[in-house]
Number of protein chains: 2
Amino acid sequence: MARPTTPLLSRELVLRTALDLLDRTGELGLPRLARELDVSTSSLYHHFKGGREEVVEGIRGLLSADGMPVSVLPGEDWREFTRRWARQYRAAFAAHPAAVPLLTAQTVSHPATLASYEALADVLHDAGFGDEELLHAVTVLDCFVLGSALDAGAPVQVWADSGREDSRLSRAIRATRAQPGDRSERAFLLGLESLLTGLERLRGSA
Amino acid sequence: MARPTTPLLSRELVLRTALDLLDRTGELGLPRLARELDVSTSSLYHHFKGGREEVVEGIRGLLSADGMPVSVLPGEDWREFTRRWARQYRAAFAAHPAAVPLLTAQTVSHPATLASYEALADVLHDAGFGDEELLHAVTVLDCFVLGSALDAGAPVQVWADSGREDSRLSRAIRATRAQPGDRSERAFLLGLESLLTGLERLRGSA
DNA sequence: ACCTGAACACCGTTCAAGT
DNA sequence: ACCTGAACACCGTTCAAGT
């Protein structure tokens, strides 16, 4: 066939298919992805010169572009914005658990993701955070969100439950009947509030 | 040569070499690892029937076994123990940044790691945490430590700095002159204190 | 510009063969 | 039990050839 009159691929199509493949199989292989698209593996390199890494980064963009808050709503303070930012960030990851290890293994470079961090930084700055405090705040939130995203896909509860039956942890798990996914999210919300309170104190100390 | 009179390999030797390889090259390939050990690739499977996954899990054990607190020191309260637990956990990971993405991509099953979580759970229980609160506490701490371990290897600061020069984040980074590694640790300690305070409130509400 | 097919250097894993 | 060498089914990436 060689060059078709109308392109068979587009970045968008490749990325959507890649994310779907990841969701269904838990893995992302370029040959497998190309098969899914009815195309030869080398075709992918015409749209992603950076190869596999660029595909993964594109997936990050997909998740960042859709729904991440970019500015404060009317009447919203920094606490509310930050809560929204963190919840949306985690939710985007939690919806695609298999993508998370791939994303955390690779440096962030996608503009949409960078933009969402910039938005957070701007809001914190306007709220009175100094440069030092601002960096700490962004780092702390980033760490907790990423860790929680990993936990959303592979909850502590699941592997802890396979330990000794008479252990404290196993007994605690049996004593409560919430689903691992629910518990993961509840713990996230709880930790987030603690961090927001801590950051408020940090802001005051500036 | 076939079977040597004295074994060429041991789990310990393989794991130490694997961790060293990971530290030096940032990657862990079984053929590469075998070459490092002057042995054929298939030899590794005699000591790790679970293959690559078991090797990675063994590395987790190496990091967990060495220095993780297992019981409270005299006069130590739950807060101090938990602080020590989290700091040691993160430090073990931060010392081997390339191992972190491998470890977070794979379910925990190593007894030494499970034991360190059990130890934390026991201390929290003795401090009066109920089953529900205990699980939340362990989850929150796990999330934050893992996220911070990722950040220790690939700090937010590094990739954020490659954004627009006039952005708030880039300006904040330039305005402060701490090293990314230092900042990562400082942010961790700051967030940890916030979480400890939050968990204290959780404990009280039981 | 965009797709193909072949080629290359890698993987991880299995297994019969040797001591 | 422990090591080897060959074999298998995969990877990711490159590149000349075709339209």
Side-chain angles (χ1 to χ4, degrees), chain A residues 1-60 98-99 101-107 109, chain B residues 1-60 98-99 101-107 109:
Chain A
M1 157 191 320
R3 177 147 119 92
T5 56
T6 161
L8 298 176
L9 297 178
S10 71
R11 288 180 63 96
E12 178 77 14
L13 176 65
V14 172
L15 292 177
R16 294 279 172 206
T17 309
L19 189 52
D20 184 60
L21 177 65
L22 213 36
D23 288 340
R24 279 184 295 116
T25 71
E27 280 165 35
L28 178 61
L30 261 32
R32 182 77 170 73
L33 174 58
R35 223 177 303 134
E36 207 84 8
L37 288 159
D38 259 314
V39 113
S40 116
T41 306
S42 49
S43 301
L44 297 171
Y45 285 82
H46 291 281
H47 299 265
F48 299 85
K49 281 148 200 177
R52 188 193 144 89
E53 195 172 321
E54 192 179 335
V55 174
V56 171
E57 201 55 25
I59 291 176
R60 195 199 305 278
L102 271 49
L103 294 169
T104 54
Q106 170 172 316
T107 305
S109 73
Chain B
M1 154 195 317
R3 176 147 122 94
T5 55
T6 161
L8 298 176
L9 297 179
S10 71
R11 287 181 62 96
E12 178 77 14
L13 175 65
V14 172
L15 292 177
R16 294 279 171 207
T17 310
L19 189 53
D20 185 60
L21 178 64
L22 213 36
D23 288 341
R24 280 183 295 113
T25 71
E27 281 165 34
L28 178 62
L30 261 34
R32 181 77 170 73
L33 174 58
R35 223 176 303 135
E36 208 83 8
L37 288 158
D38 258 314
V39 111
S40 114
T41 307
S42 48
S43 301
L44 298 171
Y45 286 82
H46 291 281
H47 299 264
F48 299 85
K49 281 149 201 178
R52 187 193 145 88
E53 194 172 324
E54 193 178 334
V55 173
V56 171
E57 201 54 26
I59 292 176
R60 194 198 306 279
L102 271 49
L103 294 169
T104 54
Q106 170 171 315
T107 305
S109 72

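All figures in this text were calculated on a predicted structure; none of them were measured in a lab. FYI, side chains are in, hydrogens and waters are out, and symmetry mates aren't considered; it's all heavy atoms of this structure. Order of the sequence lines sets the chain letters (A, B, ...), proteins ahead of strands, with each chain counted from 1.
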Notebook entry, point to check: Counting only N and O atoms by type, is there a donor-acceptor contact under 3.5 Å from the side chain of B/Thr25 to the main-chain atoms of B/Leu22?
Noted result: no
Notebook entry, point to check: A/Leu8 CG to D/dT19 C1': how many Å, rounded?
Noted result: 13 Å
Margin query: Using only atom types and a distance under 3.5 Å, with no angle test, would you say the side chain of B/Arg11 pairs donor to acceptor with the backbone of B/His47?
Written below: yes
Note to self: Looking at A/Arg60 and A/Ser109, would you say the former's side chain and the latter's main chain have a donor-acceptor pair under 3.5 Å?
What the structure shows: no
Checklist line | Gap between atoms CD and P, on A/Glu53 and D/dG12 respectively (whole Å) | finding: 13 Å
Note to self: By nearest atom, which of the nucleotides D/dC3, C/dC3, C/dG12 is closest to the B/Pro4 side chain?
What the structure shows: D/dC3
Check: Any side-chain heavy atom of A/Asp38 within less than 4.5 Å of one from A/Leu8?
Finding: no
Notebook entry, point to check: Between A/His46 and A/Leu30, which has a closest nucleotide on DNA chain D that is more 5'?
Noted result: A/Leu30
Notebook entry, point to check: When all nucleic acid strands are considered with a 4.0 Å heavy-atom cut-off, which category describes B/Leu28: base, sugar-phosphate, or nothing?
Noted result: sugar-phosphate
Next item on the list: Rounded to the nearest angstrom, tell me the gap between atom CG in A/Leu102 and atom P in D/dC11.
Entry: 14 Å
Checklist line | Shortest side-chain distance from B/Tyr45, nucleotide among D/dG12, C/dT4, C/dT14 | finding: C/dT14
Next item on the list: Find the distance A/Asp38:CG to C/dC3:C1' and express it as a whole number of Å.
Entry: 13 Å
Next item on the list: Would you kindly check whether a donor in the side chain of A/Thr41 faces an acceptor in the base of D/dG12, or vice versa, at under 3.5 angstrom?
Entry: no
Check: Do B/Arg52 and B/Glu57 meet the salt-bridge criterion of a basic N to acidic O distance under 4.0 Å?
Finding: no
Notebook entry, point to check: Is any side-chain N or O of A/Ser40 closer than 4.0 Å to OP1 or OP2 of C/dC3?
Noted result: no
Margin query: Taking only side-chain N and O atoms of B/Arg52, does any of them lie within less than 4.0 angstrom of OP1 or OP2 on C/dG12?
Written below: yes
Item checked: Donor-acceptor contact below 3.5 Å, side chain A/Gln106 vs main chain A/Glu53 -> yes
Margin query: Please give the stem ranges for DNA chain D, sorted by first residue number, where a stem is three or more consecutive Watson-Crick or G-U pairs and both donor-acceptor distances are under 3.5 Å.
Written below: C:4-8 with D:12-16, C:12-16 with D:4-8
Notebook entry, point to check: Do any side-chain nitrogens or oxygens of A/His47 fall under 4.0 Å of OP1 or OP2 in C/dC3?
Noted result: yes
Item checked: Contacts of type side chain to side chain contact (heavy atoms under 4.5 Å, CB included), residue B/Arg16, not counting sequence neighbours -> B/Glu12, B/Leu62
Item checked: Rounded interatomic separation in angstrom, taking CZ from A/Phe48 and P from C/dC3 -> 12 Å
Note to self: Could you tell me how far apart A/Glu27 (CD) and C/dG12 (C1') are, to the nearest whole angstrom?
What the structure shows: 12 Å
Notebook entry, point to check: So which one's nearest nucleotide on DNA chain D is more toward 5', A/Ser42 or A/Arg32?
Noted result: A/Arg32
Note to self: Expressed as a whole number of angstroms, how long is the span from A/Arg35:CZ to D/dA9:C1'?
What the structure shows: 11 Å
Note to self: Whole angstroms only, please: what is the CG-P distance between A/Leu33 and D/dC11?
What the structure shows: 11 Å
